[in-house]
Structure formats: structure tokens, C-alpha cells
Amino acid sequence: MELNKLTIEQAGEGIRKKDFSSVELVSACRDAIARRDGTIHAYLEVFDDALTEARARDKEIAAYGGDARRAMPPLFGIPIAIKDNILIQGKLCTAGSRMLADYTASYDATVIARLKKQGAIFLGRTNMDEFAMGSSTENSAFGPTKNPHDPGRVPGGSSGGSAAAVAADMCLGALGSDTGGSIRQPAAFCGIVGMKPTYGGVSRHGVIPMAASLYQIGPMARTVADTEILFHAIAGQDPHDAVSMEITNHNPPAGGHTTSAGLKGVRVGLPREYFGTGLSPAVEQAIRSAIKVMEDAGAVVREISLPHASLALPTYYIVVPSEVSADLARFDGIRYGGIRNKELGIRNLYDIYAQTRAAGFGPEVKRRIMLGVYALSAGYYDAYYVKAQKVRTLIKEDFENAFEDVDVIAGPTTPTPAFRIGERRSNPLEMYLADIYTVAVNLAGLPALSLPAGFTEQEGSRLPVGLHLIAPRRADQRLFDIARAVEALLLAR
Ligand code: GLN
């Protein structure tokens, strides 16, 4: 048995029954990393203390009797990977940027503290687009990550390292962050499950911010049930994040049940705007066939409309750069980023800012800061930022109207399967299009999930396709229930 290939559910059970130890589990993952990560480069760092931690867990388990063991948290002794914008005390945390290349976290993010409390083990830090800006992980200052299904292709981004680590069995699950699709899009490209919680459902305390009104931390794993386990471990109100809240209302679907009755009566809306130009025929075919499976199982599928869907991407790319220009102002060479550039001839305070930011940020980050400063500047503020906020409200209302008639919205996560490394690097607009179906969800603050919906043949490669499910605000549990039922049906076909 290859332990690194187990689901979190299976591994947890094995540990609790003492079929194998946490040390064996962690070692299996580390062996997989040694074998595969030279090619894939999912990890920026593999933590040596993971084995020490595992040994400590095993000792604890040995001290328990059977009943106490059975009652242990589901993540006890389970090795997971962490996107490198989430602080783990005492570890480097770079956000994929030269700016933070030697920054060591002085405290644990709330999500990390919660995982530690459950007894989870951190295998290492995963690669990402710089400050989570990108859709391919090529914007990392530390080199790109490769897609485990085809190393000539990108794993998606910005949580590409986490997605690739899960897909290549180099961990059992991972955390990512999603501002416009960064959990769901790489999950789709790598053939795994990725979930973006309701805005506020998970604390962002101790996460290096990108665009504060949009991003969420969320789980990535090989099955829906595993993402659910991770979600419940990290979710909930936190006094350190003012927008965080308890998602206590489970919001079961009004149209039907899911866990006991499968999808019978669940009302599924297909936005006509998500099946138009730009959608690759191969992806559309895979999605339509997955939806047919849902329909055959009793789901009530109907076409719906999100009339402002085409405005989501332009709105996102006003709101995000505006927030980025403010959120990244702290990287000034004094508080962060160190004054490494004596040889650059720094003479005064302005030089420190300018030289540090010129040397520390990559091109995409600079592009966004400049766009944001422009959109927020006097004379343009109303025309761009205020207008974008108004359109954001219309987008939110589109979803609210749609959810009066359906329990869940379904469509493709991405318009194409994983593209080739280098293919879109020089064309930001094409890169942005990778998130055309995912950004509206962040603008509206909704929970959404991508799950594997089959494969498409692309020039000799077999590439995964992701099915995107979107639920109303705070209906995160409904999303998991429906996704679990869909996953079971798709696996059984
Ligand atoms: N690709 C999108 C962007 O570049 C989304 C990034 C994210 O969700 N962090 O903004």
C-alpha cells in the first residue's frame, strides 16, 4: 500500500486503528517528494521537522486506549502542504516574492493554529504566483511549478504548488487562497477538489494579503470529503479577522436532499453566459456529460441567466489592483523587504521605497500597483473604482436572483484545460481569461468548489476538467453535500 496515495479519511482511520503510524505516512509523502518534486517543483521548502512532529503524534497515539483513539480529530497525524502566503511561526514565508525572500513568520496564522490544534503535520511551503497574482504559478520569483499530468503545462495558479502537490500524491491535502479563482482553477487544471468558502467563513489573520475584500483561505484535496474535513478544521469566527463569522446555518437545499437521497429534486442552474464563446468544446463536452449524470440521478437542471457575467472580469481587474495598491504599500523596504541594496546608491527615504519596490516586485505585481494607483487617483476614482463597485453590486444581485429558483449553479471552472508553460506569459489579458468563470464568485462573496469531471485529450496529453459548483452565501455545507453526491455519481459512471 502506498500510504501517500490514501485519502485523508482513509489515512485518519488507519492512524486511529494503528494500522500504520504518522511517521510512515509522512515518510511516504517525503519519498514521493524526493521522487517527483525535482520535476514538478510544487514545494519551495520541505520541512525537516515534519518527521519529528509525526514521531510526537505517534507517541501520543500510543499512550491512548482504543476509545480515546477513535475520538481523535480527523487530521491527527495527517501530512498537509501550506501555500506560502500563510504564516507558520518560525518558518520562512515568501508569498512567492523576492520582496519577502528572507522573511520569517513570527506567529501562526489562525488557520495554522487551528490545524496544529487538530494535530495536523505540515510537510512544507508550496509555490505560488507572486503575492497570489496569476493563474499559472509562472509569476513566482522562485521558478514555475509543473502540472503533474503533463510537465510541459502549467498547474494553474496562484495556488499551483498546493494543487500539484496534492495531485502528485506529495501530500494528502493542502491549503490555498482564492481571490479570483486561485484555489478552484489550479484544482481544475490538476484534477483535484478545491473549495473557496463564503467570504468571512475562514479567518485570514496571518495571511499575506492581496485584495482584502475578495480573498479566502480554503482546502484542496483529492476528494470532496477530504476538503470538507479540512474546511471544518479551519472555518469559524476569529476575533483577529473582523469580517470572519461562524457559518452555522447549514442551508440545506430547498429543492431536495443530498446525502440520503442523492441529487433527487436538487435544482441546478446552468448560466447560459458560462457556455458561450471562449469555452473550449472539449471542456464543454465533459461538463455537459457530468451534468447529464446529475440529471439522470434526479437533479432538476435548467438554464438560467447571470446578465452581468461579462462584466465580472473587467470589474475584478479594477477592484483588485485598487486594493493591491493599498495592501502592498507596507512593502516599503523598512518594515519588510530589508534594505539589501546599499550598492544601489540609496541616498534618502524615497530611494529606499523606489529601489526596494523596483527590485523586490515582479512585473505582474508592478502592473497591478500602477493600475490600482491610477484607478484610485483624483479624477479617475469615480470613473473606475466607484463604477466598478456599482457593477460589483449588480453581479451580486444576479446571483441572488438566480438563487431564488435554484439550489446550486453549475458550469465549467475554466474555459480551457491546462495551457502550456510560457504560452500566456507575455499576454496578461489571456492569462486573466483563465479566471473568467471564477472571479464573479469572489466579487459576490459566495462559496464555490471545483471537482474533477473527467479528462480531455489535448495534443497527446490527458488533461483534467473541473466542474464548478456555486452556492448561496453561507450555504457551504450544501455545497459539500451536493459535491459529494456528484463526485460519487461521476466515479460510478
Ligand atoms: N488569477 C487571478 C488573479 O491573478 C486570481 C488570483 C487569486 O485568486 N489569488 O488575480
Side-chain angles (χ1 to χ4, degrees), residues 83-86 94-97 126-140 144-145 154-163 174-190 194-197 199 202 204 207-220 312-325 327-328 361-372 375 388 392 413-416 418-419 423-425 427-450 466 468 470:
K83 186 177 183 178
D84 200 26
N85 57 352
I86 304 173
T94 70
S97 182
T126 53
N127 200 10
M128 57 182 282
D129 285 299
E130 184 177 10
F131 285 105
M133 299 177 207
S135 310
S136 68
T137 317
E138 292 167 293
N139 292 342
S140 167
T145 296
V154 304
S158 61
S159 315
S162 287
L175 292 188
S177 67
D178 190 312
T179 310
S182 279
I183 288 175
R184 294 160 286 153
Q185 185 257 16
F189 278 12
C190 291
M195 189 265 186
K196 181 240 164 232
Y199 185 73
V202 174
R204 288 103 39 94
V207 180
I208 297 172
M210 199 257 258
S213 80
L214 295 155
Y215 75 95
Q216 272 292 290
I217 298 303
M220 306 172 82
L313 212 52
T315 303
Y316 177 86
Y317 278 102
I318 296 291
V319 174
V320 165
S322 300
E323 293 188 15
V324 161
S325 72
D327 275 332
L328 271 61
F361 290 140
E364 179 62 27
V365 174
K366 286 178 184 155
R367 180 179 299 125
R368 292 202 196 186
I369 291 173
M370 287 190 279
L371 278 171
R392 183 175 184 174
T413 307
T414 59
T416 68
F419 43 90
E423 199 177 301
R424 300 195 185 185
R425 266 214 92 172
N427 188 340
L429 215 53
E430 241 186 73
M431 192 68 91
Y432 298 168
L433 283 170
D435 301 299
I436 191 154
Y437 304 131
T438 48
V439 295
V441 163
N442 301 72
L443 289 167
L446 308 175
L449 179 150
S450 179
H468 195 206
I470 309 168

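All ligand and atom numbering here is 1-based and tracks the order in the structure.
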Requested in this report: Go through the side-chain N and O atoms of S450 and T413 and say whether any donor and acceptor fall under 3.5 Å apart.
Outcome: yes
Report task. Return yes if a side-chain donor-acceptor contact under 3.5 Å exists between T94 and D84, otherwise no. Result -> yes
Report task. Could you tell me whether a side-chain N or O of Q185 sits under 3.5 Å from a main-chain N or O of S135, the two making a donor and an acceptor? Result -> yes
Query - Set of residues satisfying side-chain contact (heavy atoms from CB on, under 4.5 Å) with respect to A132, sequence neighbours excluded - result: K83, N85, M128, S158, S177, M210
Report task. May I ask you to decide if T137's main-chain N or O and S140's side chain share a donor-acceptor pair within less than 3.5 Å? Result -> no
Query raised in the report: Can the ring centres of Y316 and Y432 be said to be less than 6.0 Å apart?
Result: no
Requested in this report: For ligand 1, list the protein residues that place a heavy atom within a distance below 4.0 Å of one of its atoms, sorted by chain and number.
Outcome: A132, M133, G134, S135, S158, D178, T179, G180, G181, S182, M210, Y316, Y317, R368, D435
